[in-house]
Amino acid sequence: MTAEKYTVLISKEEIHRRVKELGKQLSSEYAGKEILLICTLKGAVIFASDLARSIKVPCEIGFVKAKSYSGDRSTGSVDISFEDLPDIKGRHIIIAEDIIDTGLTLKKLSEYFLAKEPASMKICAFLDKPSRRKADIKADYIGFEIEDHFVVGYGLDHNEKYRNLPFIAKLEL
Ligand code: 5GP
């Protein structure tokens, strides 16, 4: 079906276990509060939907579209569109991000959201590649830390392919 080869880096079972753990942690830390979970499209859509189902406190879901990659390369500039976002002011928001690479996307997103005066703001990233960081930004919750590989699956794409893989794979380009 595809020309590229991939090797599995994080299995479906490991992902399932970790996302459940994150949901449990968030449910306990936000007990008595309501969360506004902001999913960054498109990459975080599968992570955010699994995470939302593991969260046991009331949880609204919002979407923001961020694009900084073309193929397997970061373009260095972040294109963000904020359509149909619920009110942020006074809310406990959690940004659900697929992967932090240079950190430029999250830096821009967090500045935007902080300016809207949420009651609190946290970042929950499914994957983190700390060795690639350019912007000064850290996630509050991380699914897995990985080395500098280009990965696909569980929402992450290469030219819009592979998002539907239930595991994380390293793509041999
Ligand atoms: P950053 O702004 O942190 O450099 O980039 C974040 C975005 O780049 C992620 O949300 C994701 O869409 C994309 N990205 C970064 N690394 C990878 C990767 O290894 N695989 C895929 N598929 N996308 C990546």
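Just so you know, ligand 1 is whichever comes first in the structure, and atom 1 is the first atom listed for that ligand. Residue numbers run from 1 in the order of the sequence given.
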Peer 1: Minimum distance, heavy atoms only, to atom 22 (N) of ligand 1: which one of Val152, Asp157, Leu109 is it?
Peer 2: Asp157

Peer 1: Can you list the ligand 1 atoms lying under 4.0 Å from a non-hydrogen atom of His149?
Peer 2: 19 (O)

Peer 1: Looking only at distances, please establish whether an N/O atom of ligand 1 is found under 3.5 Å from an N/O atom of Ile100.
Peer 2: no

Peer 1: Within the 3.5 Å criterion, strictly below it, is a donor on Tyr141 or Glu29 matched to an acceptor on the partner's side chain?
Peer 2: yes

Peer 1: Considering the heavy atoms of Thr105, write down every atom of ligand 1 situated less than 4.0 Å from one of them.
Peer 2: 1 (P), 2 (O), 5 (O), 6 (C)

Peer 1: If the threshold is 4.0 Å, N to carboxylate O, is there a salt bridge linking Lys24 and Glu21?
Peer 2: no

Peer 1: Rounded to the nearest 0.5 Å, what separates atom CZ in Arg132 from atom CG in Asp101?
Peer 2: 4.0 Å

Peer 1: Could you tell me which residues satisfy side-chain contact (heavy atoms from CB on, under 4.5 Å) with Leu165, sequence neighbours excluded, listed by chain and number?
Peer 2: Tyr6, Val152, Tyr162, Phe167

Peer 1: Does any donor atom in the side chain of Tyr154 or Asp50 lie under 3.5 Å from an acceptor atom in the other side chain?
Peer 2: yes

Peer 1: Just going by heavy-atom distances, which of Leu104, Asp98, Ile137 is nearest to atom 12 (O) of ligand 1?
Peer 2: Asp98

Peer 1: In terms of relative ring orientation, are Phe47 and Phe126 parallel, tilted or perpendicular, with 30° and 60° separating the classes?
Peer 2: tilted

Peer 1: Would you say ligand 1 has an N or O under 3.5 Å from any N or O of Val151?
Peer 2: yes

Peer 1: For the pair Asp128 and Arg133, find out whether any cationic side-chain nitrogen is under 4.0 Å from an anionic carboxylate oxygen.
Peer 2: yes

Peer 1: Strictly under 4.0 Å, does any heavy atom of Lys129 approach an atom of ligand 1?
Peer 2: yes

Peer 1: Of the side chain and backbone of Glu97, name the one, both, or neither that has a heavy atom under 4.0 Å from an atom of ligand 1.
Peer 2: side chain

Peer 1: Are the charged groups of Lys129 and Glu145 less than 4.0 angstrom apart, N to O?
Peer 2: no

Peer 1: Within ligand 1, which atoms have a heavy atom of Leu156 less than 4.0 Å away?
Peer 2: 21 (C), 22 (N), 23 (N)

Peer 1: With the threshold set at under 4.0 angstrom, would you say Gly103 reaches ligand 1 through any of its heavy atoms?
Peer 2: yes

Peer 1: If we only count N/O pairs under 3.5 Å, is His158 in contact with ligand 1?
Peer 2: no

